[in-house]
Amino acid sequence: MSEQPARWTKATVYPDMWADPADDPRNSEGTSPDGELATLADFLTGYRLTLRMKCEGLDAEQLARRSVPPSTMSLLGLVRHLAETERDWRNWLTTDEPLPKLYGAKDADFHGAVAGQAVVDAAYADLEREQAATDAALAGYADLGERVGRDGVAVRELLVHRVEEYARHCGHADLLRERIDGRVGQ
């Protein structure tokens, strides 16, 4: 008998998908966004929703479950990591002293992702707060070519990097979720 879960999905229309198109909150009716900024924001919103969907319906132990040794990666660790990363991106915008780390030294976001409902609740609250703060900070820049911060990074580069970071970690979340309960999908 294997300890590996069987692959499964809730979708009925397309059984290789996470959710049926009519039930997928990432699907929108109408035309795609106009303009570069709106397009980047739309992709970021989609990946943020995807991460939440991949964590949906799991308890604290499942969210904190590590992938495979020696990796410390878990779904809860990803939520904490992305909260930390959102905070770091705000540091790129300014020449002020960097904001302190949320979770401490390098990889503390993953190491501290332990099974406990208080840890889970705090991670989601941190992520929501840090996303909102970074969104608000970036809203002050209309020119995507403007160079900001100590390193003179273009706002566009920062926005694209945010999309890339979430996209990469949503791929990790796919594999982590499948390992936990066999659920697969887009």
Side-chain angles (χ1 to χ4, degrees), residues 24-28 32-58 60 63-64 72-174 176-177:
D24 193 333
R26 299 166 298 179
N27 289 347
S28 60
S32 60
D34 288 328
E36 184 178 10
L37 181 57
T39 299
L40 291 169
D42 189 56
F43 271 87
L44 181 61
T45 297
Y47 285 123
R48 284 175 171 175
L49 280 168
T50 298
L51 178 68
R52 287 197 172 270
M53 290 171 73
K54 296 299 176 176
C55 296
E56 195 172 78
L58 299 176
L63 288 168
T72 59
M73 193 174 290
S74 67
L75 288 168
L76 180 58
L78 288 176
V79 171
R80 289 167 49 100
H81 172 71
L82 287 165
E84 189 78 76
T85 303
E86 289 281 356
R87 177 171 279 214
D88 285 344
W89 285 323
R90 286 200 312 286
N91 287 330
W92 291 15
L93 295 171
T94 182
T95 57
D96 297 340
E97 282 297 310
L99 296 166
K101 294 281 192 187
L102 284 173
Y103 305 112
K106 182 178 168 77
D107 291 334
D109 40 1
F110 288 102
H111 292 299
V114 296
Q117 194 56 50
V119 177
V120 171
D121 295 343
Y124 280 114
D126 290 344
L127 182 61
E128 288 175 20
R129 182 190 64 247
E130 296 302 321
Q131 286 173 336
T134 304
D135 290 347
L138 282 165
Y141 299 96
D143 178 2
L144 299 184
E146 184 176 345
R147 298 207 168 263
V148 297
R150 287 179 290 285
D151 298 328
V153 65
V155 172
R156 174 181 293 103
E157 181 181 348
L158 178 57
L159 291 170
V160 170
H161 183 68
R162 285 176 89 196
V163 171
E164 177 272 333
E165 184 85 9
Y166 277 90
R168 180 166 29 96
H169 290 312
C170 282
H172 295 135
D174 280 340
L176 288 162
R177 180 61 188 254

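This one's a predicted model, so the numbers in the text were calculated from it and none came from an experiment.
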Could you tell me the separation between the CG atom of Leu51 and the CG atom of Leu75, rounded to the nearest 0.5 Å? 7.5 Å

Within the structure provided, determine whether Leu159 and Leu37 are in side-chain contact (heavy-atom separation under 4.5 Å). yes

Working note: His161 + Val153, criterion side-chain contact (heavy atoms from CB on, under 4.5 Å); need CA distance, chi angles, decisive distance, verdict. CA-CA 11 Å; His161 183 68; Val153 65; over 6 Å; no

Could you walk me through whether Leu63 and Ser74 pass the side-chain contact (heavy atoms from CB on, under 4.5 Å) test, one step at a time? CA-CA 6 Å; Leu63 288 168; Ser74 67; over 6 Å; no

If you measure only the distance, is there a donor-acceptor pair under 3.5 Å linking the side chains of Arg90 and Thr134? yes

Does Trp92 reach the side chain of Val148, with side-chain heavy atoms less than 4.5 Å apart? no

Could you report the tightest heavy-atom contact between His111 and Thr72, atom names first, then the distance? CE1-CG2, 3.5 Å

Give the intermediate values and the outcome of salt bridge (Lys or Arg N to Asp or Glu O under 4.0 Å) for residues Lys101 and Asp88. CA-CA 8 Å; Lys101 294 281 192 187; Asp88 285 344; 3.3 Å; yes

I need the Thr94 OG1 to Leu99 CG distance, nearest 0.5 Å. 8.5 Å

In short, Ala64 meets Ala113 closest at the heavy-atom pair CB-O, 3.5 Å

Is any NZ, NE, NH1 or NH2 atom of the basic residue among Lys54 and Asp174 found under 4.0 Å from an Asp or Glu carboxylate oxygen of the other? yes

Check step by step if side-chain contact (heavy atoms from CB on, under 4.5 Å) holds for Arg162 and Leu40. CA-CA 9 Å; Arg162 285 176 89 196; Leu40 291 169; over 6 Å; no

Could you check whether atom CG of Asp143 has more than 12 heavy atoms from other residues, nucleotides or ligands sitting under 6.0 Å from it? yes

Kindly give the heavy-atom pair with the smallest separation between Leu127 and Leu82, and that separation in Å. CD1-C, 3.8 Å

Please report the closest heavy-atom contact between Thr95 and Gly149, naming both atoms and the distance. CG2-C, 3.9 Å

Sub-4.5 Å side-chain heavy-atom contact between Glu165 and Cys170: no

Show me the side-chain donor-acceptor pairs of residues 117-125 shorter than 3.5 Å, one per line, residues at least two apart or across chains.
| unit_1 | atom_1 | unit_2 | atom_2 | d |
| --- | --- | --- | --- | --- |
| Gln117 | NE2 | Asp121 | OD1 | 2.8 |

Within the structure provided, determine whether Leu93 and Tyr141 are in side-chain contact (heavy-atom separation under 4.5 Å). yes

Carboxylate-amine/guanidinium contact Arg48 Glu86, below 4.0 Å: yes

In terms of heavy-atom contacts, Asp96 and Arg150 come closest through O-NH1, 2.7 Å

Can you tell me how far the CG atom of Asp107 sits from the CE atom of Met73, to the nearest 0.5 Å? 9.5 Å

Return the minimal non-hydrogen interatomic distance between Ala83 and Tyr103, and the atom names on each side. CB-OH, 4.0 Å

Under 3.5 Å, is there a donor-acceptor pair between the side chain of Arg147 and the main chain of Val155? no

Can Arg168 and His172 be said to form a side-chain contact (heavy atoms from CB on, under 4.5 Å), step by step? CA-CA 7 Å; Arg168 180 166 29 96; His172 295 135; 3.8 Å; yes

Just wondering, do Leu78 and Phe110 contact through their side chains at under 4.5 Å, heavy atoms? yes

Is there a donor-acceptor contact under 3.5 Å linking the side chains of His169 and Glu164? no

Within-4.5 Å side-chain heavy-atom neighbours: Glu56 and Arg52: no

